[in-house]
K.L.:
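Let me give you the structure first, and then I'll get to my questions.
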Amino acid sequence: MLFATKEEAIRFLKYNADDIEHETGKRPVRTYYCTACGGWHITSKPQSSDYHSLVKRYGETDGKKIFDEVSAIKGRRHGIKEGLCRKIKDLRHIMRFETIDLERCQSLINELIGYFETVMGNGLEEETSVMKLFSKFSHLCFQFIEKKRLQTQIA
């Protein structure tokens, strides 16, 4: 589909993403300008998280900062979703004990909040899958609050 302006493409995306996902199995997540036709299109592909794409999009300083955060999320040989999943599993593992290391949990929760802000704020992954991970993370945060409350009462 071709749109004359970015605003038209964003409006179409906002009101039609659910229908497109239902029909095609792919959810459009962003717009982009096409130099070949001089118009705007929509795509289901998230923004690229490679260094050069981020620097081109955000400038040297911000692009490098986002790239460093994404690299920390991914770790070795992982994608962004896999990296987030691994960190959530780490948090779940720490919290399985009756008495938990509150500082370590709080630190990992803060780290994950920053990662989710980076990924979601910059459209680096498909929104639906990130929201599923965020839902799991939110549940663990609730468990942490409960365990922290109980642990503090016992102490």
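Since the model is a prediction, treat every value here as computed from it, not as a measurement.
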K.L.:
Heavy-atom distance under 4.5 Å between the side chains of Ile10 and Phe3, does that happen here?
P.N.:
no
K.L.:
Would you name the heavy atoms of Leu112 and Lys87 that are closest together and state the gap between them?
P.N.:
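Between these two residues, the closest heavy atoms are CD2-CB, 3.5 Å.
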K.L.:
To the nearest 0.5 Å, tell me how far Glu69 CD sits from Ser49 OG.
P.N.:
12.5 Å
K.L.:
Checking Gln151 side chain against Ile100 main chain: does a donor-acceptor pair fall under 3.5 Å?
P.N.:
yes
K.L.:
Please report the C-alpha distance between Met95 and Arg92 in whole Å, then the side-chain angles of each, then the deciding distance to 0.1 Å, and finally whether the side chain to side chain contact (heavy atoms under 4.5 Å, CB included) criterion is met.
P.N.:
CA-CA 5 Å; Met95 290 184 41; Arg92 185 180 297 123; 6.0 Å; no
K.L.:
For residues Ile66 and Leu124, determine if any side-chain heavy atom of one lies less than 4.5 Å from a side-chain heavy atom of the other.
P.N.:
yes
K.L.:
On a heavy-atom basis, which atom in Lys26 and which in Ser44 lie closest, and how many Å separate them?
P.N.:
CD-OG, 3.8 Å
K.L.:
Could you pull out the closest heavy-atom pair between Ala72 and Arg86, with the gap in Å?
P.N.:
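What the structure gives for the nearest pair is O-NH2, 4.3 Å.
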K.L.:
Taking atom CD as the centre, does Glu103 end up with more than 12 heavy-atom neighbours from other residues, nucleotides or ligands that are less than 6.0 angstrom away?
P.N.:
no
K.L.:
Do Thr99 and Lys147 pair up side chain to side chain, a donor and an acceptor below 3.5 Å, judged on atom types alone?
P.N.:
no
K.L.:
If you take all heavy atoms of Leu2 and Cys37, which pair is closest and at what distance?
P.N.:
CD1-SG, 3.6 Å
K.L.:
Looking at every heavy atom in both Tyr33 and Gly38, which two are closest together, and how far apart are they?
P.N.:
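Tyr33 and Gly38 have their closest heavy atoms at OH-CA, 3.3 Å.
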K.L.:
Output the distance between atom NE2 (His139) and atom SG (Cys141), rounded to the nearest 0.5 Å.
P.N.:
10.5 Å
K.L.:
Please check if any side-chain donor atom of Asn110 sits under 3.5 Å from a side-chain acceptor atom of Ser107, or the reverse.
P.N.:
no
K.L.:
How long is the span from the CD atom in Glu126 to the NZ atom in Lys45, to the nearest 0.5 Å?
P.N.:
14.0 Å
K.L.:
Would you check if the side chain of Glu23 reaches a backbone N or O of Ile20 as a donor-acceptor pair within less than 3.5 Å?
P.N.:
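Such a contact is absent between Glu23 side chain and Ile20 backbone.
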K.L.:
Nearest 0.5 angstrom please: Glu98 CD to Leu150 CG, how far?
P.N.:
10.0 Å
K.L.:
Looking only at atom types and distance, does a side-chain atom of Thr152 sit under 3.5 Å from a main-chain N or O of Lys148, one as donor and one as acceptor?
P.N.:
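Side chain of Thr152 to backbone of Lys148, a donor-acceptor pair under 3.5 Å: yes, one is there.
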K.L.:
Just by distance, do the side chain of Asp50 and the backbone of His52 share a donor-acceptor pair under 3.5 Å?
P.N.:
yes
K.L.:
Given Leu140, which of Leu91, Leu108, Ile94 fulfils the side chain to side chain contact (heavy atoms under 4.5 Å, CB included) condition?
P.N.:
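Option passing the side chain to side chain contact (heavy atoms under 4.5 Å, CB included) with Leu140: Leu91.
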K.L.:
Between Arg27 and Asp18, is the side chain to side chain contact (heavy atoms under 4.5 Å, CB included) condition met? List the steps.
P.N.:
CA-CA 7 Å; Arg27 182 179 188 82; Asp18 291 336; 2.6 Å; yes
K.L.:
Is it true that atom CD of Glu21 has more than 12 heavy atoms of other residues, nucleotides or ligands lying nearer than 6.0 Å?
P.N.:
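Result for CD/Glu21: enclosed.
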K.L.:
Hydrophobic clusters here meaning ILVMFWY residues chained together by side-chain heavy-atom distances under 4.5 Å, can you tell me if Val29 and Phe134 are in one?
P.N.:
no
K.L.:
Parallel, tilted or perpendicular: which one describes the rings of Phe67 and Tyr51, with boundaries at 30° and 60°?
P.N.:
perpendicular
K.L.:
For the CD atom of Glu82 and the NZ atom of Lys89, what is their distance to the nearest 0.5 Å?
P.N.:
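If we round to the nearest 0.5 Å, Glu82:CD and Lys89:NZ are 10.0 Å apart.
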K.L.:
Run the salt bridge (charged side-chain N to carboxylate O under 4.0 Å, His left out) check on Arg11 and Glu8 step by step: do they pass?
P.N.:
CA-CA 5 Å; Arg11 193 175 321 109; Glu8 284 180 28; 5.9 Å; no
K.L.:
Below 4.5 Å, heavy atoms only, C-beta onward: do Cys85 and Leu133 meet side chain to side chain?
P.N.:
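They are in side-chain contact.
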K.L.:
Counting only heavy atoms from other residues, nucleotides and ligands, does the tally under 6.0 Å from CE of Met120 exceed 12?
P.N.:
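Atom CE in Met120 is packed in, count exceeds 12.
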K.L.:
Give the intermediate values and the outcome of side chain to side chain contact (heavy atoms under 4.5 Å, CB included) for residues Phe144 and Leu102.
P.N.:
CA-CA 8 Å; Phe144 170 73; Leu102 295 174; 3.9 Å; yes
K.L.:
So does Arg104 have more than 12 non-hydrogen atoms from other groups sitting under 6.0 Å from CZ?
P.N.:
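Atom CZ in Arg104 is not crowded, with 12 or fewer foreign heavy atoms closer than 6.0 Å.
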K.L.:
Answer yes or no: are there more than 12 heavy-atom neighbours, outside Phe97 itself, under 6.0 Å from its atom CZ?
P.N.:
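Atom CZ in Phe97 is crowded, with more than 12 foreign heavy atoms closer than 6.0 Å.
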K.L.:
Between Phe137 and Ile109, is the side chain to side chain contact (heavy atoms under 4.5 Å, CB included) condition met? List the steps.
P.N.:
CA-CA 8 Å; Phe137 171 62; Ile109 286 169; 3.9 Å; yes
K.L.:
How are the rings of His41 and Tyr32 set relative to one another: parallel (under 30°), tilted (30 to 60°) or perpendicular (over 60°)?
P.N.:
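His41 and Tyr32: tilted rings.
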K.L.:
CD1 of Ile73 to CG of Asp68: how many Å apart, nearest 0.5 Å?
P.N.:
11.0 Å
K.L.:
Which atom pair, heavy atoms only, marks the closest approach of Thr31 to Ala9?
P.N.:
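Taking every non-hydrogen atom into account, CG2-CB, 3.5 Å.
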